[in-house]
Amino acid sequence: MDGDHAACEGALAAGCRFVAGYPITPSTEVVERFAQRIPLIGGMFIQMEDEIASSIAILGAAWAGKKVMTVTSGPGLSLMMEHIGYAAITETPCVFVDVQRGGPSTGLPTLPAQADMMQVRWGSHGDYEIIALSPNSPQECFDLMIKAFNLAEEYRVPVFFMMDEVVGHMTERVVIPEASAIEVMERRWTSKPPGEYKPYAADDDMVPEMVKAGDGYRIHITGLTHDERGYPAMNPPTQKRMMERLLGKIRNNREKLIDVRGEHLEDAEIVVVSFGITSRVSGPAIEEARKQGLKVGHLRMVIAWPFPASVIQQLALRVKAFVVPELNMGQMVLEVERAVAGKTRVISVPHPGGTVHEPQEILTKILEAAR
Amino acid sequence: MDGDHAACEGALAAGCRFVAGYPITPSTEVVERFAQRIPLIGGMFIQMEDEIASSIAILGAAWAGKKVMTVTSGPGLSLMMEHIGYAAITETPCVFVDVQRGGPSTGLPTLPAQADMMQVRWGSHGDYEIIALSPNSPQECFDLMIKAFNLAEEYRVPVFFMMDEVVGHMTERVVIPEASAIEVMERRWTSKPPGEYKPYAADDDMVPEMVKAGDGYRIHITGLTHDERGYPAMNPPTQKRMMERLLGKIRNNREKLIDVRGEHLEDAEIVVVSFGITSRVSGPAIEEARKQGLKVGHLRMVIAWPFPASVIQQLALRVKAFVVPELNMGQMVLEVERAVAGKTRVISVPHPGGTVHEPQEILTKILEAAR
Amino acid sequence: MSKTELRVGGLGGQGVILCGMIIGKAASIYDGKHATLIQAFGPEARGSACSAQVTVSDEPIGYPYVKQPDMLVLMSQDAATQFVPQLKPGGLVLYESELVPKMPPLPAGARALGIPATRFAEELGRRLVLNIVMVGFFAGVSGVLGYESVEKAVLDSVPKGTQDLNLRAFRRGYDFGCELLAKQTQGAS
Amino acid sequence: MSKTELRVGGLGGQGVILCGMIIGKAASIYDGKHATLIQAFGPEARGSACSAQVTVSDEPIGYPYVKQPDMLVLMSQDAATQFVPQLKPGGLVLYESELVPKMPPLPAGARALGIPATRFAEELGRRLVLNIVMVGFFAGVSGVLGYESVEKAVLDSVPKGTQDLNLRAFRRGYDFGCELLAKQTQGAS
Amino acid sequence: MSNESCVADACNIELTPDLAMENPVMPFLRKERIPHIWCPGCGIGTTVNCFVRGLEESGLDLNNVAIVSGIGCTGRVAGYMNLDSFHTTHGRPIPFATGLKLANPKLKVVVYSGDGDLFAIGGNHFFHAARRNMDLMVVCVNNHTYGMTGGQVAPTTPRGATVSTMPFGNFEDSFNLPFIADACGAVYVARWTVYHVKQLARAMKEGLAKKGFVFIEAMAPCPTLYSRRNKLGDGVEQLKYFKEKSVVKHGASTKDVGLTFQGEIVVGKFVDRERQTWLDSMNEHFTGYFGDKYQRYGGNHVKD
Amino acid sequence: MSNESCVADACNIELTPDLAMENPVMPFLRKERIPHIWCPGCGIGTTVNCFVRGLEESGLDLNNVAIVSGIGCTGRVAGYMNLDSFHTTHGRPIPFATGLKLANPKLKVVVYSGDGDLFAIGGNHFFHAARRNMDLMVVCVNNHTYGMTGGQVAPTTPRGATVSTMPFGNFEDSFNLPFIADACGAVYVARWTVYHVKQLARAMKEGLAKKGFVFIEAMAPCPTLYSRRNKLGDGVEQLKYFKEKSVVKHGASTKDVGLTFQGEIVVGKFVDRERQTWLDSMNEHFTGYFGDKYQRYGGNHVKD
Amino acid sequence: MAAVTPAKQARGTVFVRTEVCKGCSYCIDFCPSKCIEFSKDFNAKGYHFPVLTRPEDCSGCDLCGVYCPDFAIFGVRLKDLEKRIQAQRAEDKAA
Amino acid sequence: MAAVTPAKQARGTVFVRTEVCKGCSYCIDFCPSKCIEFSKDFNAKGYHFPVLTRPEDCSGCDLCGVYCPDFAIFGVRLKDLEKRIQAQRAEDKAA
Ligand SMILES: Cc1ncc(C[n+]2csc(CCOP(=O)(O)OP(=O)(O)O)c2C)c(N)n1
Ligand SMILES: Cc1ncc(C[n+]2csc(CCOP(=O)(O)OP(=O)(O)O)c2C)c(N)n1
Ligand code: SF4
Ligand code: SF4
Ligand code: SF4
Ligand code: SF4
Ligand code: SF4
Ligand code: SF4
Ligand SMILES: [Mg+2]
Ligand SMILES: [Mg+2]
């Protein structure tokens, strides 16, 4: 099964029952499979007239109670930016799948990149927070997709599933566990009756409980700055309260949200920081370097946003250098640099996309770091 | 004259003769004035059906030879993201005016923020570079707008004019010099004849010369990765060559593009780094701190992107702390932190927007920095 | 006096910003001073509270906000309730007397002068000119700016075809102001 | 052998990826090995050059790219020109004999076997099954995977309603491969 | 409510303060949010009265009615209705409503928004939802301009009208909304002005009862921007114009109902036809394809 | 060109290699980019032949003709034409072309794109440009699907056809493109199939000569995705269908020319009328408003 | 507001929330019985509001209520008013 | 490609760029004179391409050229061909 199809299966397993999408290479196979699978599962797929429509149709569906997703690639994602902000401010659980291709603009439609990493963090106007995951195999497209949906429900933020063309079109065996073995997070439905419920009142964990249209709560949802009742309240104190919660629910849970995979980190003097397909491409370079006697470790970010700064900070105290290969001209490396805060060297291994790094390119930088 | 109107006058003075726009508070006055002024000047204003259309209509007009601009605010800007990438990859000179309001989403339509700073840098998919200016008064809306147009022509990148609601609606006297006293950069027209000209061949300065439709050059322009002839060539080497130039023309000119205004920097132990309206709001706080005997300097970024990292790095070697107030929850401060690289303290003074900082808030942080 | 700070407050639709704008313009263009005007309006630019902050100064103006106004021009009860407490001791309040029935306690030495501007405007045929009546009143009693300057600023700021009406509104407010001052002075003497 | 690397190359529309996919599937699902397939296709997924990289291994596969293939399946001259130089010494090349008129020099010990697969496919009635003929040929000569595994993988991968035709195409290629091997063995003997 | 005054002596019941009557529209509104933000004489509020009356007479369970608005003055309607209500983004109420409806087909979903929202930035969604016959009732308050942003030219601004971005008069042709809705496949198309309160309320009721894509154009004055800038007086003057220049033509060919600046207004119910909704088409199609294996999505509809 | 072969003996001239003939379309194409990317039997290339012939006969100075495409298989047309040519973003060729045209009114601007590009994501721009009567010729190659991305459902996919995102058959109604164009105000509307090469070429010529918003629908096979998935054979089979099921009806009411799956196809020139273009309206309006102070934008047009 | 004494034949009456009225005069202009007029006073926002000056003519048809964009006025037939009030009284007692 | 000898009455002929032909058969099916057929050979991409098998019937109408989606074939009337060739010769000499 390829990564695109595995992602679709993951979404189904996570309980996703509503997808609206618009075709775009190299992501289309995800929705094509969904369209194939859903009629007999009891859900809904609709191909909308564009990405703008898709990205808000899913938000409507989420407020009718469904777990929802849309799927796209860079150009489509650029069109969804307004609704990412809308999802963030209305705290609508939703998953955006981005199968990254070469950019900017139409760029390299059929070739890989990892150059939308900053975009998903910053692409909508105003301040907000999101979560972004980065799978590196079809199996992970399945497994992490379930995690993506669970996080969307847990934090009520847009969650980005950052695939790339290689992972999307890579075919490997995928093991799909029994449904009973899959941990699925249900929506945080309120237990409060209509009169007492306020859509945006939250307790300490900062994530409000949810209801859906049709249940008699007569909720109001708006993209304007709003109070706990969900009513527009366009004044600085309300803005402050709302923003502190919108950002706080992620920023305060940064540590909890860390998902990194380490290899050889115990004795590492040089750490390669990678994510997605690049984590597999780094493999041979790291092996080769270790063969040459260098103490090279590997830190792979499964969750790229929020950025696992504390992990890097810890490592920065004891390693000699970080090497950061990514299929873009230097994006996540900026975060690494910031976290490292001058404690040690950070070596970027940028790549314009269209293909993956040659392991040799990464090796060269590792050797440079060792010098 | 208010900032919005001054920005319009600046654009006219810079030679802007084509504006396509779509109304949005608090930016609309810019295009309303343009619509008023242009018939007798010999130019064109068209209100399009949305921001997507506006943002590409200007690119069409640029390729017909005009100096062009569109004007919007956050939600509209989010819709323009695809075309920012298109402008970047096609190297179309253009100016995007963003009169920033509170966000995210519809947020606070009539109230100020400076929270689109990261968006203009990163909001479109893929890698690219832009320039962003940040005026702090109606007079600067005029003066810097001319600079914005000149930079668009010089580097052939989208240039962002990052106003905010306060500056846009602030009324002050604006002195408009004689046309002859205004330095206007003309388009870099080629002198080559049709057979010899290649749209994307550039010499050392990396910026290709331009032609326009209708002149017999029979150019081809595409958002796909392209070669020097402008023809699609979707392969990694072409991508590499193209990307290196697209990014290089800004990254290599970073130092040249620095435009910061310093005050009391000579003896400063604490430096307030600000931009736009916040630079005026910081004034009383800095004065007060100096009255209290603290050596506080002020660094104001007139050009925020590319970020003046080298200036900060220099200062970082000798100051005790940076204080970074901005009308957002911490955006440009991330760049400051990265540039400072642990050399000294960086204190963020975030603000959720909707109004400006109380000078007292900034003062408090300055005092904290002094401790 | 090197700096005068002024706040105009009322409701969207009353022409609050224009009122502040005319005063600022009179100061900066016709009286050769520096002036900065900041607007603050409600969520939708209509109906809700709305205010203008005007700083007039001999020096260039950095910080543009008005924290402690020397003068207030008030056209709604809400504006009065909100802004009067910020007034500088000894400051001056000009207010629409029918729309501000309850004047909050004034700071030490401050004075408040009312004018039924809406009614005057209605008498003149268009309630919309209420703000120009207030401008006239300001010119009549404040003593900060010359009559001519303000009159020119009014003419410069209103749509063509309405200049006559607006001049009458201005005059009505000005005259009322002068009379009131005269009366007060008499009373005081 | 713990790892076999394979590259299939041709033009969009020839079914290059499916060809690689079937081989990978046969290996991973029916022969219990690990397999990874990476696609590389041209700008628009049609017309231009297109290739699949298949790694079949007893161990889990990390790096998924094929740098030095053990085997090549080639369906166009361009693919031959590009990929033959990467072939491992001693490797095997299977190619469409009418579409690859000029075979580049092979590395030491390598062999190249041709099949007029397009013509066979046309004879079977649909030139589209040319890729399945190639798969059959692969099964017949490569010796990496069992006939049954590959046959099952074919059946599993083609649209319903075309299984018969595809089986015949598979068989045609397989038989031709076996014959060719037999002939070569005879020749060699 | 204590601040309501009544001519109590008119009836033979003594009105004590606790008996003061509440406006019968109040239960349909989010009372705590009144007064609303609309200008004096703005016609939007009047359309809301008509909508409330239509809702009331429709007999629908209000817990199953949702309202979706875009951004604009009209876009604020959702926020005042005591229903599940969604204030979305500019131009996008229709796709949001589409998701809401398809995810819970039991909801009656009403889209209530302005002419700019629905036909400028949001035009494409309108056209496609009509094509699909998505089961939505779309109410467009047409005030010929963008009210919220200060009166710019809209695709509904008649030629000759002055608006802020056509400061010397609009020289563009405007859309004929009923015609467009008809051409794209709407099953119910009507136009009324806020002068026609009874008819508009009836259209709302009919629209709520109808299955499929329903379009109701409600012409309304924007005295603050459109009327004033065009020297047309205030709201009441516009209503008088509506009264004088309207001609009721039920079943009129939508081609012929275009509007001109202060010209004749053809009002009435223009289209009322039957067409399978998107969801019904899907259910029927899948039932045909999969037979018994297929579970009708959204439950079994009672054939009405 | 040396790799062209000729039955030279047929004429009494000896053909030496340097005399080998070039295809007469070549000067209109970017030769160096041929062969193109389109599939065997893809109808897009045939429409290009017709366009070239229309261009040739139009007598236009090719230096003043610009072509703008969106993204898609058809979107690649711009890149093959030896004109000032712009390959924009998906769905946006019309607003780009609008900017190009308005910034230099002397250009004849042709928009050449696919059905998905122009009517799905780009629908709104089409409708508004038609409303404004923007002086553009829009050619839509309608292959009933999204070719470039692998054959998904388009707003032009007939009910009943199978496409990748309607894997069990499409149950949506499709747009009737000429009707929509007509409803929005296009001044010239025609439909032909690539079977009708002569008529299509003539329509292109007429369209190029016409001032205002021109719409030409060119039905074309997408053998790789649409035909094959629907078991309709390859391109030539589709052309035969076009031949058999087409009925020429010039002036047919656009309402009646909707398409069905493999059903009858009404072809012809449906609309040919006069309406002031946006730019002419502006110029006339401003001249009226400002009198002599106003300089006609884009220079003085010679009447037609 | 002070109550106005109606003539005997009154069949309806109106309730006004004067504070939310914006003085648009719709109720006044479109009252079929022409029984309401503007107040001389301003409300807090500076608007004149409607007063029932000819209560004897009011039919309680509620057209004023349907027209009023601010939900500031509504008319009621006296018959219905009685019923509503009795219903409310009954409710109050039950509670 | 080898030239084919036409009968006397030939009025036109065709040129084919065999390498860019994709074998769609439009030219063959829609040639009004039915004078072209597929080759037995493949071109480099594996397609059969058209050959003029009945040159005597070719009118040079160029319908094949208009249909060909790959710009791989075109027809020309012999009269025009002569003119074009002479023109070209003349040009060559001038140069
Ligand atoms: C993406 C985006 N663009 C622009 C705006 C600004 N905007 C808000 S409302 C509006 C127009 C409203 O016009 P209409 O839909 O006619 O509603 P009205 O206010 O007239 O009722 C615009 C352009 C926005 N909020 N978002
Ligand atoms: C914003 C965006 N969304 C989606 C795509 C993917 N995409 C490319 S072409 C295309 C559809 C093309 O269909 P059509 O216009 O009918 O052209 P055809 O290929 O059929 O000629 C799509 C959806 C894209 N490039 N950009
Ligand atoms: S601006 Fe116009 S549409 Fe908006 S509330 Fe005021 S009158 Fe109504
Ligand atoms: S996919 Fe279809 S439309 Fe695209 S080139 Fe191939 S045949 Fe033509
Ligand atoms: S209820 Fe009827 S009659 Fe009475 S005031 Fe209202 S509109 Fe007039
Ligand atoms: S209709 Fe309503 S708002 Fe208008 S005057 Fe009457 S009560 Fe006041
Ligand atoms: S030129 Fe005409 S007759 Fe000759 S082969 Fe071509 S289509 Fe046939
Ligand atoms: S029409 Fe063109 S591509 Fe098709 S067979 Fe003939 S020459 Fe070849
Ligand atoms: Mg409107
Ligand atoms: Mg298509």
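All values derive from a computational prediction rather than experimental measurement. Order of the sequence lines fixes the chain letters, A, B, ..., with proteins taken first and strands second; residue numbering starts at 1 for each chain.
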- Please report the C-alpha distance between E:Phe86 and A:Ile219 in whole Å, then the side-chain angles of each, then the deciding distance to 0.1 Å, and finally whether the side chain to side chain contact (heavy atoms under 4.5 Å, CB included) criterion is met. CA-CA 8 Å; E:Phe86 301 91; A:Ile219 44 171; 4.2 Å; yes

- Query: Can you check side chain to side chain contact (heavy atoms under 4.5 Å, CB included) on E:Met282 and A:Met44, steps first, answer last?
  - Reply: CA-CA 10 Å; E:Met282 182 187 95; A:Met44 172 60 74; 3.8 Å; yes

- Item | salt bridge (Lys or Arg N to Asp or Glu O under 4.0 Å) between A:Glu49 and E:Arg132, worked out | CA-CA 11 Å; A:Glu49 52 275 17; E:Arg132 296 188 184 109; 2.9 Å; yes

- Verdict with supporting geometry, E:Trp278 and A:Ile46, side chain to side chain contact (heavy atoms under 4.5 Å, CB included): CA-CA 10 Å; E:Trp278 192 89; A:Ile46 182 168; 3.7 Å; yes

- Item | Trace of the side chain to side chain contact (heavy atoms under 4.5 Å, CB included) decision for A:Lys66 with E:Leu102 | CA-CA 10 Å; A:Lys66 292 276 195 277; E:Leu102 292 182; over 6 Å; no

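Among all heavy-atom pairs drawn from A:Ala213 and E:Leu100, the shortest one is CB-CD1, 4.1 Å. Across all non-hydrogen atoms, the minimal contact from E:Asn82 to A:Arg218 is O-NH1, 2.7 Å. When every heavy atom of E:Gly79 is checked against every heavy atom of A:His220, the shortest pair comes out as CA-CE1, 3.2 Å. In plain terms, the two heavy atoms of E:Phe290 and A:Pro39 that are nearest each other are CE1-CB, 3.6 Å.
Residue contact with chain A, scored on non-hydrogen atoms closer than 4.5 Å, is absent for E:Ile94. Heavy-atom distances place the side chain of E:Phe286, and not its backbone, under 4.5 Å from chain A. Neither the backbone nor the side chain of E:Arg131 comes within less than 4.5 Å of any heavy atom of chain A.
Annotation: the span from A:Met48 atom CE to E:His125 atom NE2 amounts to 7.5 Å, rounded to 0.5 Å.
Note: A:Gly216 leads A:Pro194, A:Gly216, A:Ser54 in heavy-atom pairs under 4.5 Å with chain E. Ranked by heavy-atom pairs under 4.5 Å with chain E, the first of A:Gly230, A:Ala20, A:Ala62, A:Ala64 is A:Ala64. Counting heavy-atom pairs closer than 4.5 Å to chain A, the top-ranked of the candidates E:Leu107, E:Asn104, E:Thr89, E:Thr98 is E:Thr89. Residue with the most contacts toward chain E among A:Gly43, A:Gly65, A:Gly223: A:Gly43 (heavy-atom pairs, distance under 4.5 Å). Among the candidates A:Asp50, A:Ile52, A:Ile221, the residue making the largest number of heavy-atom pairs closer than 4.5 Å to chain E is A:Ile221. Of all the listed residues (E:Ala103, E:Ser85, E:Ala78, E:Ser69), the one sharing the greatest number of non-hydrogen pairs under 4.5 Å with chain A is E:Ser85.
Below 30°, between 30° and 60°, or above 60°: for E:Phe96 and A:Tyr86 the angle between ring planes is above 60°, a perpendicular geometry.
A:Lys240 NZ: 12 or fewer foreign heavy atoms inside a 6.0 Å radius.
Proximity of a side-chain donor or acceptor of E:Asn63 to a complementary backbone N or O of A:Asp215 within less than 3.5 Å is not detected.
Contact check for A:Leu40 versus E:Gln295: no side-chain heavy atoms found under the 4.5 Å cut-off. Counting heavy atoms from C-beta on, the side chains of A:His83 and E:Thr88 never come closer than 4.5 Å. Within the 4.5 Å cutoff, side-chain heavy atoms of E:Glu32 are placed close to those of A:Arg229.
Cation-pi geometry between E:Arg30 and A:Tyr231 is not satisfied (NZ or CZ under 6.0 Å from the ring centre, within 45° of the ring normal).
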